[in-house]
Amino acid sequence: FGPVSKQKIIATAQLESDSRYDETREQRIITELSRVYREEGYYSASINIYNMVNLETGGIRLEINIDPGEPTLLDEVRLYGFPVLPEAEVMQLLTQSGPGKIFREDAFKNELERVRKHYFDNGFLTAEVTLNNALYDAEKNVVYANLMINAGPVVKTVFNPQTGEEKLWLE
């Protein structure tokens with residue numbers, strides 16, 4: 001089973017005893033299980049299904065063989081757009097999902113929220129940080145992530161202390 005629990009495999013494949021067999025079901029199971037393994041960072045997982053007919057009962061037994069393979073690592077993160085902040089500063093924020101780590105797309109996207117917050121904290125209130133795409137190299141079993149960062153302008157709030165507007169803004 002590797003990185004995916006038996007329960008999650010059963011739930012994903014929607015395996016139930018006494019359910020009706022459909023020939024398209026096997027391909028759907030392979031597609032869904034491949035997606036689940038990719039989400040866990042195993043892009044090269046091999047999933048095969050064999051069906052065996054019980055001649056006495058007429059029932060079909062499905063055997064699912066899964067080889068998760070090696071975890072897929074994030075090899076490189078490339079910044080595009082107008083990041084403004086130094087690349088090294090942005091890369092330091094990718095502590096859990098950065099280069100050399102297993103690439104889990106959802107976890108990586110969640111970590112981009114930290115990057116977005118860093119921009120916000122530095123006055124870039126309209127910064128956009130998105131995973132533009134993640135390119136998988138099957139030969140090397142690595143992903144190259146392309147981040148689109150548009151920092152936008154630095155926004156500063158200036159108060160006129162003579163008008164009392166500061167109190168209103170702070171409220």
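Predicted, not measured: the structure shown is a model, and the values here were computed from it.
Here the shortest heavy-atom pairing between Leu74 and Phe108 reads CD2-CE1, 3.8 Å. Contact between Pro153 and Thr126 at its shortest, heavy atoms only, is CD-OG1, 3.8 Å. Between Tyr37 and Ala45, the closest heavy-atom pair is CB-CB, 3.8 Å. What you find for Ala151 and Pro83 is that their closest heavy atoms are CB-O, 3.8 Å. Among all heavy-atom pairs drawn from Ser46 and Asn48, the shortest one is OG-ND2, 3.6 Å.
Scanning for side chain to side chain contact (heavy atoms under 4.5 Å, CB included) contacts around Asn65 gives Tyr50, Glu63, with sequence neighbours left out. Partners of Tyr43 by ring-ring contact (aromatic ring centres under 6.0 Å, His included), not counting sequence neighbours, listed by chain and number: Tyr136. Taking the side chain to side chain donor-acceptor pair (under 3.5 Å) definition, one finds that Glu56 meets it with nothing, sequence neighbours left out. Partners of Asn133 under the side chain to side chain donor-acceptor pair (under 3.5 Å) rule, at least two apart in sequence or in another chain, are Asn146. For Val36, the side chain to side chain contact (heavy atoms under 4.5 Å, CB included) test picks out Val4, Lys8, Thr12, with sequence neighbours left out. In this structure, Glu128 has no side chain to side chain donor-acceptor pair (under 3.5 Å) partners at least two apart in sequence or on a different chain. Every side chain to side chain donor-acceptor pair (under 3.5 Å) that Asn122 has, sequence neighbours left out, goes to His118. Evaluation of the ring-ring contact (aromatic ring centres under 6.0 Å, His included) rule for Phe82 yields no partner, not counting sequence neighbours. With sequence neighbours excluded, the residues that form a side chain to side chain contact (heavy atoms under 4.5 Å, CB included) with Glu76 are Arg78, Tyr144.
Contact annotation: the side chain of Phe124 never approaches that of Val129 to less than 4.5 Å [non-hydrogen atoms, C-beta and beyond]. You'll find the side chain of Leu94 reaches within 4.5 Å of the side chain of Val77, heavy atoms only. With contacts defined as side-chain heavy-atom distances shorter than 4.5 Å, the pair Ile64/Ile29 qualifies. In this structure, the side chains of Glu26 and Asn51 come closer than 4.5 Å at one or more pairs of heavy atoms. A 4.5 Å side-chain heavy-atom check between Ile66 and Leu33 finds at least one atom pair inside the cut-off.
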Apply the test side chain to side chain contact (heavy atoms under 4.5 Å, CB included) to residues Val143 and Leu135: give CA-CA distance (whole Å), side-chain angles for both, the deciding distance (0.1 Å), then the verdict. CA-CA 5 Å; Val143 168; Leu135 306 170; 6.0 Å; no
Run Leu73 and Asn141 through side chain to side chain contact (heavy atoms under 4.5 Å, CB included) and show every step you take. CA-CA 7 Å; Leu73 302 180; Asn141 193 31; over 6 Å; no
Just distance, no hydrogens or angles: give the donor-acceptor pairs under 3.5 Å from side chains in residues 96-105, sequence neighbours left out.
{"from": "Ser97", "atom 1": "OG", "to": "Glu111", "atom 2": "OE1", "distance (Å)": "3.4"}
{"from": "Lys101", "atom 1": "NZ", "to": "Thr95", "atom 2": "O", "distance (Å)": "3.0"}
{"from": "Arg104", "atom 1": "NE", "to": "Glu40", "atom 2": "O", "distance (Å)": "3.3"}
{"from": "Glu105", "atom 1": "OE2", "to": "Lys109", "atom 2": "NZ", "distance (Å)": "3.2"}

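A donor-acceptor pair under 3.5 Å is absent between the side-chain atoms of Asn150 and the main chain of Ala127, judged by distance alone.
The distance from the CD1 atom of Ile49 to the CG atom of Leu62 is 6.5 Å, given to the nearest 0.5 Å. Once rounded to the nearest 0.5 Å, the distance linking CD1 of Ile149 with CG of Asn132 reads 11.0 Å.
Under the 4.5 angstrom side-chain criterion for Ile, Leu, Val, Met, Phe, Trp and Tyr, the cluster partners of Met148 are Tyr80.
Screening residues 135-148 for salt bridge (Lys or Arg N to Asp or Glu O under 4.0 Å), with sequence neighbours left out, gives no hits.
Using a cut-off of 4.0 Å between Lys/Arg side-chain N and Asp/Glu carboxylate O, Glu39 and Arg35 are scored as salt-bridged.
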